[in-house]
Amino acid sequence: MLDIRLIREKPEFVRERLATRGAGDERLVDDVLHSDEQRRQALAEVESLKAIRNRVSKEIGALLAQKKHAEAEAKKTETRELGDKISALDAQAKAAVTRRDALMLRLPNLPHESVPPGKSAAENVEVRQFGGKRAFAFPPRTHVELCEHLQLVDFARAAKLAGSGFLLFTHWGARLERALIQFLLDLHTQKHHYTEISPPFMVGPECLVGAGQFPKFRDQYYGVAEGDQPAELGKLYLIPTAETPIANLHREELLAEKQLPIRYCGYTPCFRGEAGAAGVGTRGMIRVHQFDKVELIKLVKPEEGYAEQEKMLADAERVLQLLELHYRVVLLCTGDMGFPSAKTYDIEVWAPGQGSYLEVSSVSNCEDFQARRMNLRFKSESGENRFPHILNGSGTALARLFVALLETHQQADGSVSIPAPLQPYLGTSVIRGEA
RNA sequence: GGAAGGGUGGCUGAGUGGUUAAAGGCAUCUGACUCGAAAUCAGAAGUAGGGGCAACUCUACCGUGGGUUCGAAUCCCACCCCUUCCGCCA
């Protein structure tokens, strides 16, 4: 959520920054200002009435203490009608806040000044590359072919169990998935000093609001119900990313400055409806309804937000470097960034079988946008309450990492060699077929 | 799911329908004492939102939402959460 005071004091700046996203959100600024004005008017009026009521009530108390019942009764009748006016105005003020906040929750974050302007992914800026595209002496197979040949994933039976868009890992495939999770968690906890978290895979809607997924994108998530009562629906949602529970860990808390920075990492499956995405790149493992991911989260002092983002990006890149995968880092343009983010880097890994780059990590600084939504603050050394910056980054997404790994390290005979750092986790240096 | 108890500030813990933002304690800050620190003594200090150039002032906040009342932390109703016991259960 944006700071209402910023909107009030610099509406032109806010409109200009929102406009760079190209979604037309700047048109909502006037509505916000209008309902904010209504709120303050009603507030000023009702609060002066309440001041009168409080004063008279105290006088009544004093009169009763002096046994002056007649005078007290007179004052009571005098004040009785005040209550009705107050509740009417209270309702007005409340309605204005509700209106204002409903609008505010739908305004995305303002892009940071260092973010290149642009309308779509085409205008993202490549920051750097690591490694190069592997040259093959044979036509590289796709991960689907490799998975079927090596019996790593049973696409047909996954569909039988849950429909399209789900994966059933088998044999070495299941072991590879598990090995990758373990490898990533060990790397980030032991080398990069994150604290491991294993959060719930379902959360209440307030967590999705806090992270910025609700209310605007409700249709993209899986709501679950205990039993089959429709009334139970909406109490819990399957998490779309570990960011949702982990970023909300300290919601509504007041942290001490010395607790910062806080660094968490956690493995969870991620569940996404991907509404409207059916038929687009749905073959194989690129876009699925459930995938595994190891997520990185940081809560930091605002002045350290952007330096910490660069470090987090390096932590995610390390994964691909160790796995000997070619990738590029892209700085997203204003029009391609996610709703809560002020600045986002994507890491795209090369998948030779696809002949394209796959997004395996997204490293964002959401500044205080999420912290405001979840009322997460810290008390600074000087005693003031401030909102921390909240950063999130994939470290990394698994299904696509799995794809890049197979397609990059495949051999002419259809086997897949395993990079050295992963071998202890998998217990083999090459995957040849059924375990 | 059933029963009982509980939810008050950064933490802990009192609380009578009427100067209650709410005793006391801990932690924090300032000052005194000290070469310095500890201990001790004195004092300050909640959060959020309005109004005002400002000094300042007003309002709200005792799990959440309603209600009763001139006035609610306190009384009533509903809900949420926590603890313990019972039931069910990996």
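Here is the naming used below: chain letters follow the sequence lines, and residue numbers restart at 1 for every chain.
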For this session: May I have the distance from A:K85 (atom NZ) to B:rU59 (atom P), rounded to whole angstrom?
Result: 17 Å
Problem set entry | Pairwise P distance for B:rA14 and B:rG9, with rounding to whole Å | 13 Å
Problem set entry | Which residue lies more 5' along RNA chain B, comparing A:T77 with A:L64 via nearest heavy atoms | A:L64
Seminar exercise, completed: Quick note, A:K76 side chain, CB onward, closest among B:rC70, B:rC58, B:rG49 is B:rC70
For this session: Name the nucleic acid region contacted by A:I60, choosing base, sugar-phosphate or nothing; use a 4.0 angstrom heavy-atom cut-off, strictly under.
Result: base
Problem set entry | Base-pairing assignment for B:rC41 (Watson-Crick or G-U wobble, both under 3.5 Å) | B:rG31
Exercise. Considering every strand shown, what is the Watson-Crick or G-U wobble mate of B:rA3 when both distances are under 3.5 Å?
Worked result: B:rU84
Seminar exercise, completed: Of B:rC70, B:rG50, B:rG18, the nucleotide closest to the side chain of A:T79 is B:rC70
Exercise. Which nucleotide, in any strand shown, forms a Watson-Crick or G-U wobble pair with B:rC53, with both distances under 3.5 Å?
Worked result: none
Exercise. Just by distance, do the side chain of A:S341 and the backbone of A:G338 share a donor-acceptor pair under 3.5 Å?
Worked result: no
Problem set entry | Nucleotide forming a Watson-Crick or wobble pair with B:rA21, both distances under 3.5 Å | none
For this session: Taking atom C1' in both B:rU16 and B:rG71, compute the distance separating them and give it to the nearest angstrom.
Result: 15 Å
Seminar exercise, completed: Taking for A:I52 and for A:S57 the nucleotide of RNA chain B with the nearest heavy atom, the one nearer the 5' end belongs to A:S57
For this session: Using a 4.0 Å heavy-atom cut-off across all strands, classify A:K58 as base, sugar-phosphate, or nothing.
Result: nothing
Seminar exercise, completed: Ranking B:rU47, B:rG10, B:rU59 by distance to the side chain of A:N385, first place goes to B:rU47
Seminar exercise, completed: Regarding the side chain of A:A51, the nearest nucleotide among B:rG50, B:rU59, B:rG18 is B:rU59
Exercise. When the C1' atoms of B:rU74 and B:rA21 are considered, how many whole Å apart are they?
Worked result: 16 Å
Problem set entry | Whether A:K298 side chain and A:N392 backbone form a donor-acceptor pair below 3.5 Å | no
Exercise. Could you give the CG-to-P distance, from A:L49 to B:rG50, as a whole number of Å?
Worked result: 18 Å
Exercise. Sub-3.5 Å donor-acceptor pair from the side chain of A:H389 to the main-chain atoms of A:E303, do we have one?
Worked result: no
Exercise. Short question: side chain of A:N385, backbone of A:R377 - any donor-acceptor pair under 3.5 Å?
Worked result: no
Exercise. In the structure shown, which nucleotide is the Watson-Crick or G-U wobble counterpart of B:rA72, with both distances under 3.5 Å?
Worked result: none
Exercise. How far does the P atom of B:rG31 sit from the matching atom of B:rA38, given to the nearest Å?
Worked result: 13 Å
For this session: In whole angstrom, give me the gap between the P atoms of B:rA55 and B:rC79.
Result: 48 Å
Exercise. Between A:L255 (CG) and B:rC11 (C1'), how many Å, whole number?
Worked result: 14 Å
Problem set entry | Phosphate OP1/OP2 of B:rG50: any A:R5 side-chain N/O under 4.0 Å | no
Exercise. Do A:Y221 and A:F271 make the cut of ring centroids closer than 6.0 angstrom?
Worked result: no
Problem set entry | Whole-Å gap separating P (B:rC81) and CZ (A:R251) | 15 Å
Exercise. Expressed in angstrom and rounded to an integer, what is the separation of A:L376 atom CG from B:rU47 atom P?
Worked result: 17 Å
Problem set entry | Whole-Å gap separating C1' (B:rC11) and CD (A:Q259) | 13 Å
Exercise. Checking all strands, does A:R8 fall into the base, sugar-phosphate, or nothing category for heavy-atom contacts under 4.0 angstrom?
Worked result: sugar-phosphate
Problem set entry | Short side-chain N/O contact to B:rU19 OP1/OP2 from A:N54, under 4.0 Å | no
Exercise. Less than 3.5 Å between a donor and an acceptor, one on the side chain of A:E47 and one on the base of B:rG49, is that the case here?
Worked result: yes
Exercise. In whole Å, what is the span from the CD atom of A:E78 to the P atom of B:rG71?
Worked result: 13 Å
Problem set entry | B:rU20 versus B:rC58 - spacing of their P atoms, nearest Å | 16 Å
Exercise. Between B:rC75 and B:rU68, how far is it from one C1' atom to the other, in whole Å?
Worked result: 8 Å
Exercise. Between A:S361 and A:S394, is there a donor-acceptor pair closer than 3.5 Å when you use the side chain of the first and the backbone of the second?
Worked result: yes
Problem set entry | Closest listed nucleotide, where the reference is the side chain of A:L43 and the choices are B:rG18, B:rU59, B:rG49 | B:rG49
Problem set entry | Between B:rG17 (P) and A:L63 (CG): distance, integer Å | 21 Å
Exercise. For the side chain of A:R377, counting heavy atoms from C-beta on, which of B:rG50, B:rA48, B:rG18 is nearest?
Worked result: B:rA48
Exercise. Under 4.0 Å between a side-chain N or O of A:K379 and OP1 or OP2 of B:rG9?
Worked result: no
For this session: List the steps and the verdict of salt bridge (Lys or Arg N to Asp or Glu O under 4.0 Å) for A:E81 and A:K85.
Result: CA-CA 7 Å; A:E81 64 197 35; A:K85 281 191 200 164; 5.1 Å; no
Exercise. Would a distance-only check, ignoring hydrogens and angles, find a side-chain to backbone donor-acceptor pair under 3.5 Å from A:E26 to A:R15?
Worked result: no
For this session: Indicate, with a heavy-atom threshold strictly under 4.0 Å, whether A:K235 touches base, sugar-phosphate, or nothing.
Result: nothing
Seminar exercise, completed: Ranking B:rU47, B:rU59, B:rC70 by distance to the side chain of A:R80, first place goes to B:rC70
Exercise. Distance between the P atoms of B:rA60 and B:rA73, in whole angstroms?
Worked result: 9 Å
Problem set entry | Nucleotide opposite B:rA60 in a Watson-Crick or G-U pair, distances under 3.5 Å | B:rU47
Problem set entry | Any A:R53 side-chain nitrogen or oxygen under 4.0 Å from OP1 or OP2 of B:rG71 | yes
